Amino acid sequence: MAKIETPRPVRGTQDMLGGTPEAFQERFAHVIATFDRVRRLYGFNRVEVPVFEATAVFARSLGESTDVVSKEMYTFEDRGGDSITLRPEFTAGICRAYITEGWQQYAPLKVATHGPLFRYERPQKGRFRQFHQLDAEIIGAGEPGADVELLVLGDQLLRELGIEGVTLTLNTLGDAQSRDAWRAALIAHFEAHRDQLSEESIDRLARNPLRILDSKDPRDRPVADSAPGIDAYLTDEARAFFEKVTAGLDAAGVAWERNARLVRGLDYYRHTAFEFVTDRLGAQGTVLGGGRYDGLIENLGGPATPAVGWAAGIERLAMLVDMPERASIDVAVIPMGEAAEAVAIGIIADLRRAGIVADMGYRGNMKKRMQRANAQGSRMAIIIGDDELAQGEVTVRDLTDGTQQRCKIEALGDFPLAGKASFVESLLRGFDPSKAIAN
RNA sequence: GCGAUCGUAGCUCAGUCGGUUAGAGCGCUGGUUUGUGGUACCAGAGGUCGUGGGUUCGGAUCCCAUCGGUCGCCCCA
C-alpha cells in the first residue's frame with residue numbers, strides 16, 4: 001500500500017501554536033489586544049469587511065497597470081464566473097463599503113480593523129503570502145487634524161507595545177498641483193542624469209519615477225540624493241497643511257523625522273505620507289505605514305472624499321515585542337482512582353467557575369500528573385486519593401515550596417495553608433464546596 | 001521573475017579529503033520512587049540522512065536534476 005503523502009502547507013503561510021517557548025502566538029495576540037484597547041481610546045469603531053471582494057475593487061484602487069495587480073494578487077474565478085480577489089489590503093474594501101453601505105452618513109468615519117491579507121509574493125523575513133495587519137482609517141475628513149490623530153494613535157500603539165528603536169519618518173506629497181510640478185521636475189532631473197542610473201532605475205524612470213528616490217542601489221544614491229525636494233514646489237495650501245500636521249505632532253509630543261525621499265507610487269496619494277521604521281527586521285523595515293489618499297474613493301466611483309489611514313504588520317510587530325509571560329495555571333487537580341475523579345470533576349468545575357485557572361489530566365498515575373502540573377507551571381496541586389476521600393478531605397500541596405496539608409473539602413474555599421493564608425484565600429475565593437460535594 | 005544559502009530523530013544540531021551496526025542534547029516512554037513534581041541516575045523507542053538519477057567495489061558525504069525552507073533583489077497597495 002502506498003504511503004499517504006501529507007499535503008504540505010502552502011508557501012508563505014504559517015501555523016502558530018500557543019504555549020511554546022517562542023510564544024509567537026502569544027506575542028501575535030498581544031499585538032492585537034493592545035491595538036484593540038488603544039484604538040478605543042481614540043474613538044475608532046471596529047469595522048468588519050469581507051476577506052474577498054470583486055477584483056475591480058482592488059484593480060481600480062491600485063490602478064490597472066501595476067505589477068501589483070497583474071502579478072501579486074490572489075485572483076480567481078468563482079463558480080458563477082465572477083473574478084474574485086482575496087484582499088491584499090484593507091483600505092480599498094473599506095472604501096467600497098463606505099460607498100455601497102451609505103456610510104457617508106457617519107462621516108467623518110473613524111474605523112479600525114485587523115485580520116488576514118493575501119499577496120502572491122516571494123516569502124522572506126517579515127513577508128508572507130497570508131499575513132496580518134492592523135488598520136486604522138479616517139474617511140471624510142480633509143483636515144490635518146485627522147492625520148495628526150492617526151499618527152499619535154500609531155505612536156501610542158508602538159509605545160504601549162514597548163517597541164524600541166522605531167522612528168516616525170514623515171513626508172508630504174503636496175496637493176495635486178504640487179505633486180505634478182514636483183514629479184515633472186524629478187523626471188527632468190533623472191533624465192538629465194540618466195547615464196548615471198542603474199538599469200533598474202532607468203526602467204523605473206518610465207514606470208514609476210518617484211521610486212528612484214528610495215532606491216537601494218548605491219549607484220543611484222548620488223543622483224537620487226541630489227534630486228530636487230518637494231518643498232520648492234509646494235503650493236501655499238499644501239505647505240500650510242504639512243505645517244499643521246507637524247505642529248500637531250509637536251503639540252502631542254510625538255517625535256518625527258522629515259524624510260524628503262519617502263514617496264508613494266500611486267496617484268491618489270496626497271499630502272501626508274509616513275512610515276514608522278526600524279532596522280531590526282532586515283529588508284522589511286516598515287512596521288507601520290500610511291498616508292492620505294484623497295483621490296481613492298473617487299477612483300472607486302464614489303464622491304470626492306478625503307481620507308487618511310495606516311496599516312501595520314502584526315507579524316512584524318510580534319517579532320519586536322518582548323516575550324510575554326507564559327500562561328500558567330493556578331491549580332492542578334490530581335485524582336487517584338475513579339471515585340476520586342468524580343469528586344475532582346466537581347471541584348475543578350467550581351474552581352473554574354470561580355475564575356481560577358485549573359487543569360486536570362485525562363490519564364496517568366500520580367507521578368505523571370505531578371510532572372504535568374509542574375510543566376504547566378501550576379502553583380498548587382489538589383490531590384484526592386482514597387485516604388482523603390474516606391475522610392471527605394483533599395491534600396493541598398504548594399508546588400512552589402513543596403509544603404502540603406490536608407483539608408476538608410467543605411473548607412477548601414478558605415483553606416489556611418500555613419504561612420500563606422492570603423495566597424490560598426485569593427486563589428480559592430468563591431469556591432463553593434457544596435456543589436463539589438453534590439457531585 | 002532573479003540570486004545566495006541550507007535540507008540528517010518530534011525539536012536544535014554534530015558527523016563529509018567517500019569506508020563496517022549514522023551520533024549528541026532536549027523532548028517522549030519506562031524504571032530507581034505500586035500515592036508526590038521541579039534536581040539526579042539508569043534503560044528504551046524513534047532516522048527510506050528532502051526526493052530522483054549519476055559516478056564508484058562502496059554515497060548522509062562527490063556530480064546533476066527536482067522539491068522545500070531561509071535570506072536578499074525586484075515589487076511593496
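Protein chains get the first letters and strands the later ones, always in sequence-line order, with residue 1 at the start of each. Note that these values count all heavy atoms, side chains included, but never hydrogens, waters or copies made by symmetry. Being a predicted model, the structure only gives us computed values, none of them experimental.
Separating the CE atom of A:M336 from the P atom of B:U34 is a distance of 11 Å, rounded to the nearest angstrom. We find that CG of A:N374 is positioned 4 Å from C1' of B:G38, with the value rounded to whole Å. Rounded to a whole Å, the CG atom of A:D214 is 13 Å from the C1' atom of B:C74. When rounded to the nearest whole Å, the span between CG of A:N365 and C1' of B:G31 equals 12 Å. Rounded to whole angstrom, the span from the CZ atom of A:F128 across to the P atom of B:U70 amounts to 8 Å. Taking atom NZ on A:K216 and atom C1' on B:C74, their separation rounds to 9 Å, with Å as the unit. Distance CD (A:E121) to C1' (B:G72): 14 Å, rounded to an integer number of Å. A:Y269 places its OH atom 6 Å from the P atom of B:A77, with the value rounded to the nearest Å.
Distances shown here put every side-chain N or O of A:K368 at or beyond 4.0 Å from the OP1 or OP2 atom of B:U36. For the pair A:K71 and B:C76, the criterion of a side-chain N or O lying under 4.0 Å from OP1 or OP2 is not met. At B:U70, none of the side-chain N or O atoms of A:R122 fall inside 4.0 Å of OP1 or OP2 (strictly under the cut-off). Of the side-chain N and O atoms in A:Q124, none sit less than 4.0 angstrom from OP1 or OP2 of B:U70. Contact annotation: A:R127 side-chain N/O to B:C71 OP1/OP2 distance is not under 4.0 Å. Between A:N208 and the phosphate of B:C76, there is a side-chain N or O to OP1/OP2 separation shorter than 4.0 Å.
Base pairing annotation: B:C49 forms no Watson-Crick or G-U wobble pair, as no partner gives both donor-acceptor distances under 3.5 Å. Base-pair partner of B:C28: B:G44 (Watson-Crick or G-U wobble, both distances under 3.5 Å). With a cut-off of 3.5 Å on both pairing distances, B:U61 has no Watson-Crick or G-U wobble partner at all. Pair check for B:U33 finds none; no Watson-Crick or G-U wobble contact set falls under 3.5 Å. As the counterpart of B:U16, no nucleotide is assigned, since no Watson-Crick or G-U wobble pattern has both distances under 3.5 Å. Pairing of B:C73, defined by two Watson-Crick or G-U wobble distances under 3.5 Å, is identified with B:G1. For B:G68, the paired base is B:C6 (Watson-Crick or G-U wobble, both distances below 3.5 Å).
Taking both residues in full, the closest heavy atoms of A:R96 and A:L300 are given as N-CD1, 4.0 Å, listed atom of the first, atom of the second, then distance.
A:K367 comes within 4.0 angstrom of a nucleotide base, judged by non-hydrogen atoms across all strands. Counting non-hydrogen atoms under 4.0 angstrom, A:D387 reaches a base of the nucleic acid. Using a 4.0 Å heavy-atom distance criterion, A:A283 is classed as a sugar-phosphate-only contact. Using a 4.0 Å heavy-atom distance criterion, A:R8 is classed as making no nucleic acid contact. Residue A:R204 is in sugar-phosphate contact alone, with no base atom involved, counting any heavy-atom pair closer than 4.0 Å across all strands shown. Residue-level contact check: A:D135 touches neither bases nor backbone, having no heavy atom under 4.0 Å from any strand. Using a 4.0 Å heavy-atom distance criterion, A:E200 is classed as a sugar-phosphate-only contact. Within the nucleic acid shown, A:E199 has no heavy atom closer than 4.0 Å to any nucleic acid atom. At a threshold of 4.0 angstrom between heavy atoms, the contacts of A:I334 with the nucleic acid are absent. Looking at heavy-atom distances under 4.0 Å, A:Q371 makes contact with sugar-phosphate atoms alone, never a base. Among the atoms of the strands shown, base atoms are found under 4.0 Å from some heavy atom of A:G402. Using a 4.0 Å heavy-atom criterion, one finds that A:F118 contacts no nucleic acid atom at all.
With no hydrogens or angles considered, a side-chain donor-acceptor pair links A:E137 and A:Y293 at under 3.5 Å. Looking only at atom types and distance, the side chain of A:E22 has a donor-acceptor partner in the side chain of A:T20 under 3.5 Å away.
With hydrogens and angles ignored, no donor-acceptor pair under 3.5 angstrom links the side chain of A:Q376 to the base of B:G38. On a pure distance criterion of 3.5 Å, no polar donor-acceptor pair joins the side chain of A:R372 and the base of B:G37.
Below 30°, between 30° and 60°, or above 60°: for A:F241 and A:H271 the angle between ring planes is below 30°, a parallel geometry.
Within the 4.5 Å cutoff, no side-chain heavy atoms of A:R39 are placed close to those of A:L134.
Atom NE2 of A:H132 sits about 7.0 Å away from atom CZ of A:F118, to the nearest 0.5 Å.
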